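Reviewing the structure listed below.
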Amino acid sequence: MLILGLETSCDETAAAVVKGTRTDGRDKLLACSNIISSQIEIHRAFGGVVPEVAAREHVKNILPVIGQALEQAGLDPQAPRGLDAIAVTIGPGLITSLLIGVETARTLSFAWDVPLVAVNHIAGHINANFLEPPVAADPQAARHRRNNIFPALALTVSGGHTLLVLMAGYGDYKILGETLDDAAGEAFDKAASLLKLGYPGGPAIAKSAALWRKKEIRPSSKNQDKRKSPSNAVILPRPMLGKNNYHFSFSGLKTALLYALQKDKHWRKRTAEYSHAFEEAVTDVLTAKTVKAARESRAKTILLAGGVSANARLREKLLALATERCPAVPVLMADLAYTTDNAAMIAAAAYFQARRQDFTDWPNLKAEADAEL
Ligand code: KG4
Ligand code: ZN
């Protein structure tokens, strides 16, 4: 099955062609192309995504991006032959951004007479786990991917959502827990803004925190003792960690960081340490709750997805805790190329929907800003 995927839910205009094959009852998904036109530089000046600007950029970019994705996959960009489906994100996301992808998909479906698959953005993130890594495949992960992985427990963390989802099979999602306020990525972005580290905040905090950890291991400065002294150490709370549920809450953590900065006249000299403290707090909660949910739901596999899953510390800590507390449960992580918003993940989710004949006629396709998983 050959699927063209489109993704325009926020500030990335993305198109990809994914080839799905099924042999001996096992599915294999390979991205033949994965084109992303990022608007980060445009929105950086505003410190966040400006919906109307994003929509205008999508209008400019969508056709060239689709053309490139088709061409790179060896298809004719004007009249591609052999496409089995066009998949598009219908939500959740910014309605003005979603509309560009949805209207383009409807038009192409009509013009090329190719069936449409309406994909939920969060389902897209989760299904990024089923794409073969593009390079340097980890043979162990590839083996796990082909084994019976269900029930699977997926932690999906991005700028717009933070969810623990139990999957009984492909396309079968049960939400076990979610954030009660800010999403994990949103928390990273807000913390980075408080620390004046710029936008997007996740990668900026991760870089700054890694710097502090490196110095911590190989101290060179005279201030090392001061930095390590408990009375001076930055300590932030682990919200919801003690609660006997699978929900999260990150807005209090952001406020705790704000108060800590307000009390510390010299915080600008310690941004790396604050970044580390913040990253540790978020990743401690995410990993502990995920492993707890995996054990209690007797999951066979743990999946990690979403923009925040690009975070190296989260990947490292989840793997370590799962290995310690549930060693028989392998952890699959979406390849870095498929963690932040992309269209290959949308086509991947669509592959399993198309196999179930879950198509939508073009007159009925609608963008839904609040689409639920
Ligand atoms: O999935 P995504 O691209 O878009 C949404 O669906 O929201 O996720 C974007 C989010 C942003 O909040 C960004 O700061 C965060 O993912 N992010 C990270 C990292 N890379 C991206 N957060 C922590 N560490 C990272 N390395
Ligand atoms: Zn996303």
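Whatever order the structure lists them in is the order used to number ligands and atoms, beginning at 1. This is a predicted model, so every value here is computed, not measured.
Residue Arg213 forms a salt bridge (charged side-chain N to carboxylate O under 4.0 Å, His left out) with just one option from Glu280, Glu273, Glu316, and that option is Glu280. Residue His125 is tested with Thr339, Asn342, Asp341 for a side chain to side chain donor-acceptor pair (under 3.5 Å); the sole match is Asp341.
Between Gly306 and ligand 1, not a single N/O pair is under 3.5 Å apart. On a distance-only criterion, Phe188 and ligand 1 share no N/O pair closer than 3.5 Å. Among the atoms of Pro200, none of the N or O lies under 3.5 angstrom from an N or O of ligand 1. Here's the thing with His161: none of its N/O atoms is less than 3.5 angstrom from an N/O atom of ligand 1. The shortest N or O to N or O distance between Gly202 and ligand 1 is under 3.5 Å.
When distances to the Zn ion (ligand 2) are checked against a cut-off of 2.8 Å, Cys10 contributes no N, O or S atom below that limit. Within the 2.8 Å limit, His121 places at least one N, O or S atom next to the Zn ion (ligand 2).
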side-chain contact (heavy atoms from CB on, under 4.5 Å) assessment of Leu318 paired with Leu304: CA-CA 9 Å; Leu318 181 60; Leu304 177 62; 4.0 Å; yes

From CA spacing to verdict: salt bridge (charged side-chain N to carboxylate O under 4.0 Å, His left out), Asp182, Lys190: CA-CA 10 Å; Asp182 293 352; Lys190 287 178 176 170; 3.3 Å; yes

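Look at Cys10 and you'll find every heavy atom at least 4.0 Å from all atoms of ligand 1. Using a 4.0 Å cutoff on heavy atoms, His121 counts as a contact of ligand 1.
When hydrogens are left out, the protein atom nearest atom 21 (C) of ligand 1 is Gly307 O, 3.4 Å; that is the closest non-hydrogen contact. Nearest protein neighbour of atom 12 (O) of ligand 1, counting heavy atoms only, is Asp189 OD2, 2.8 Å.
Of all the atoms in ligand 1, the ones that sit under 4.0 Å from a non-hydrogen atom of His125 are 1 (O), 6 (O). Of all atoms in ligand 1, listed by their number and element, those nearer than 4.0 Å to a heavy atom of Gly185 are 12 (O). Close contacts between ligand 1 and Gly160 involve ligand atoms 7 (O) [criterion: under 4.0 Å to a heavy atom].
When the heavy-atom distances from atom 10 (C) of ligand 1 to Ala312, Ala210, Ser9, Gly159 are ranked, the shortest goes to Gly159. For atom 26 (N) of ligand 1, the candidate residues are Asp341, Asn311, Thr340; the nearest heavy-atom contact is made by Asn311.
Note on Asp341: its N/O/S atom closest to the Zn ion (ligand 2) is OD1. Of all N, O or S atoms in His125, the one lying closest to the Zn ion (ligand 2) is NE2.
With ring centers used as reference points, Phe250 lies 6.0 Å or more from Phe188.
His58 has its side chain out of reach of Glu12: every pair of non-hydrogen atoms, C-beta onward, lies at least 4.5 Å apart. Residues Asp27 and Phe352 have side chains in contact (heavy-atom distance under 4.5 Å, counting atoms from C-beta outward).
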